[in-house]
Amino acid sequence: MSLDQSVTLKGVKEGFRLTLDEAASYEEIIKDTEKLLEHLKTQEKDSEDQKETIQLEVYTGDRLLNEKQQEKLTTLVHENSRFRIEKVAANVLTYEESAAWQEEVSLQMKAQTIRSGQVLTAPGDILLVGKVHPGGMIRAKGSIFIIGELHGVAHAGLSGDTKAVIVADFHSKAQIRIAENVEVIEEMTGIEQSNGAQFAFVNDLHMLNFESLDQLKKIRPSLEIKTGGFN
C-alpha cells in the first residue's frame, strides 16, 4: 500500500514491511507515514474488536536513521496503529557496526607472552606469536593460531563456531576448548608427541581431535588465510 512514493507498506512472511524512500526528506517520510496510518485507521473502523499487534519491519535502503529519528518514527507508529516495530533494516552500516564487522573478519595479530592470570580475547581469528604459560588464557570467536608453546588454556569458537581450529605447539596440562567441546591434555600421546605445531578441531563425531598441520587444508578447506598487522 502506498499513498505517496516516500512510504510503502507491504505484507511479508513475518508481518509487514514499511519501506522508506531513501531520496525523500525525513519530514516528508513523517508526513506520509501519518497519512498512511490515518488511512489504515479509517479502514479498521469496522473491525475495532481486533486488537492484536502486528509486527512491522522498517526498511530504509541506502540511508540511516539516527537515534532521534528512529524514536520519533517508532512513537508515531506505536501510538497510531497496531503495528509494533521489531526491526529497522538498511543496506548500509554505521561506523561502529562496520568497525565491529571488520574486527570479526580480520586476523588480529599479537606478539606477547600470556602469563598466569592473564586473558587475551579476540573478536575474530587471532595469531599469537609467543607462549601461553600455565594459568594463562587466549580466547577468540574464530580460530586461534599460536607460533609458540601452549601450556595454558586456548578457547576458540567462543560464540559456538565448531568449525574453528586451534593451531599450536601443545603441551601436557594445556586445556583446549572449541565451542562447547573441552579437553585437557593429561599426557602427550599419538599426534601430540610429534615435534612442532599441530591443530585441534571438532570432528564429525562432535569430539575434539588432533592432526598434523599438513592435514589442515584437507579437514578445513574453507579456512581462509587472513592478513593483518601487529599491535
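- Between Leu128 and Val132, the closest heavy-atom pair is CD2-CG2, 3.7 Å.
- Of the inter-residue distances, the one linking His78 atom NE2 with Leu37 atom CG reads 10.5 Å to the nearest 0.5 angstrom.
- Rounded to the nearest 0.5 Å, atoms CZ (Arg17) and CD (Gln55) are 12.5 Å apart.
- If you take CG on Leu150 and CD1 on Ile144, they are separated by 8.5 Å, rounding to the nearest 0.5 Å.
- A distance of 4.5 Å separates CG of Leu120 from CD1 of Ile114, quoted to the nearest 0.5 Å.
- Looking at Asn181, its side chain does come within 3.5 Å of a backbone N or O of Ile178 through a donor-acceptor pair.
- Between Ala89 and Glu57, the shortest heavy-atom distance links the atoms CB-OE2, 3.9 Å.
- Of all non-hydrogen atoms in Ser143 and Ala156, the two that sit nearest each other are CA-CB, 4.4 Å.
- Side-chain contact between Leu73 and Leu20 is present, with at least one heavy-atom pair separated by less than 4.5 Å.
- Gln108 contributes atom CD, which lies 4.5 Å from atom CD1 of Ile126 (distance to the nearest 0.5 angstrom).
- The side-chain heavy atoms of Ile29 and Arg63, taken from C-beta on, include a pair separated by under 4.5 Å.
- For the pair Arg220 and Phe201, the minimum side-chain heavy-atom distance is below 4.5 Å.
- Contact of the Glu27 side chain with the Ile30 side chain is not registered, since no non-hydrogen atoms from C-beta on lie closer than 4.5 Å.
- Between His171 and His151, the ring center distance clears the sub-6.0 Å criterion.
- Listed by chain and residue number, nothing satisfies the ring pair (Phe, Tyr, Trp, His ring centres under 6.0 Å) test with Tyr26 (two or more places apart in sequence, or in another chain).
- Counting heavy atoms from C-beta outward, Val88 and Tyr59 have side chains that stay 4.5 Å or more apart.
- Residue Glu71 qualifies as open at atom CD: its count of foreign heavy atoms under 6.0 Å is 12 or below.
- For the atom pair Arg82 CZ and Thr53 OG1, the distance stands at 8.5 Å (nearest 0.5 Å).
- No side-chain heavy atom of Val167 sits under 4.5 Å from any side-chain heavy atom of Leu127.
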Derivation and outcome, side-chain hydrogen bond (donor to acceptor under 3.5 Å, both in side chains), residues Arg139 and Thr121
CA-CA 5 Å; Arg139 310 188 308 164; Thr121 303; 3.2 Å; yes
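- Looking only at distances, a side-chain donor or acceptor of Gln118 sits under 3.5 Å from a matching main-chain atom of Arg115.
- Contact annotation: the side chain of Phe83 approaches that of Leu40 to within less than 4.5 Å [non-hydrogen atoms, C-beta and beyond].
- No path of Ile, Leu, Val, Met, Phe, Trp and Tyr side chains, each step under 4.5 Å between heavy atoms, connects Val182 with Leu208, placing them in separate hydrophobic clusters.
- When every heavy atom of Ala140 is checked against every heavy atom of Gly124, the shortest pair comes out as CB-O, 3.3 Å.
- Tracing side-chain contacts under 4.5 Å through hydrophobic residues (I, L, V, M, F, W, Y), one reaches Ile147 starting from Leu216; they form part of the same cluster.
- Checking side-chain atoms of His133 against main-chain N and O of Thr113 turns up no donor-acceptor pair under 3.5 Å.
- Linking Ile, Leu, Val, Met, Phe, Trp and Tyr whenever their side-chain heavy atoms come within less than 4.5 Å leaves Leu158 and Val202 in two separate clusters.
- The hydrophobic cluster containing Val12 does not contain Phe16, counting ILVMFWY residues as joined when their side-chain heavy atoms lie under 4.5 angstrom apart, directly or transitively.
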Would you check, one step at a time, whether the test side-chain hydrogen bond (donor to acceptor under 3.5 Å, both in side chains) holds for Glu28 with Ser25?
CA-CA 5 Å; Glu28 287 180 284; Ser25 70; 3.2 Å; yes
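- With Glu22 contributing its side chain and Gly61 its backbone, the two residues share no donor-acceptor pair below 3.5 Å.
- Between Phe199 and Phe210, the ring centre distance reaches or exceeds 6.0 Å.
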Verdict with reasoning, Leu36 to Leu18, per side-chain contact (heavy atoms from CB on, under 4.5 Å):
CA-CA 10 Å; Leu36 176 62; Leu18 183 67; 3.7 Å; yes
Checking Met109 against Val129 for the side-chain contact (heavy atoms from CB on, under 4.5 Å) test, could you report, in this order, the C-alpha distance in whole Å, the side-chain angles of both residues, the deciding distance, and whether it holds?
CA-CA 8 Å; Met109 303 179 71; Val129 180; 5.9 Å; no
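- Every pair tested for ring pair (Phe, Tyr, Trp, His ring centres under 6.0 Å) that includes a residue from residues 108-131 fails, sequence neighbours excluded, so the list is empty.
- Panel note: side chain Glu79, backbone Leu76; no donor-acceptor pair is recorded below 3.5 Å.
- Between Lys173 and Ile185, the closest side-chain pair of non-hydrogen atoms is not below 4.5 Å.
- Tracing side-chain contacts under 4.5 Å through hydrophobic residues (I, L, V, M, F, W, Y), one reaches Ile54 starting from Val7; they form part of the same cluster.
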Full working for side-chain contact (heavy atoms from CB on, under 4.5 Å) between Ile219 and Glu211:
CA-CA 9 Å; Ile219 294 174; Glu211 277 290 353; 3.7 Å; yes
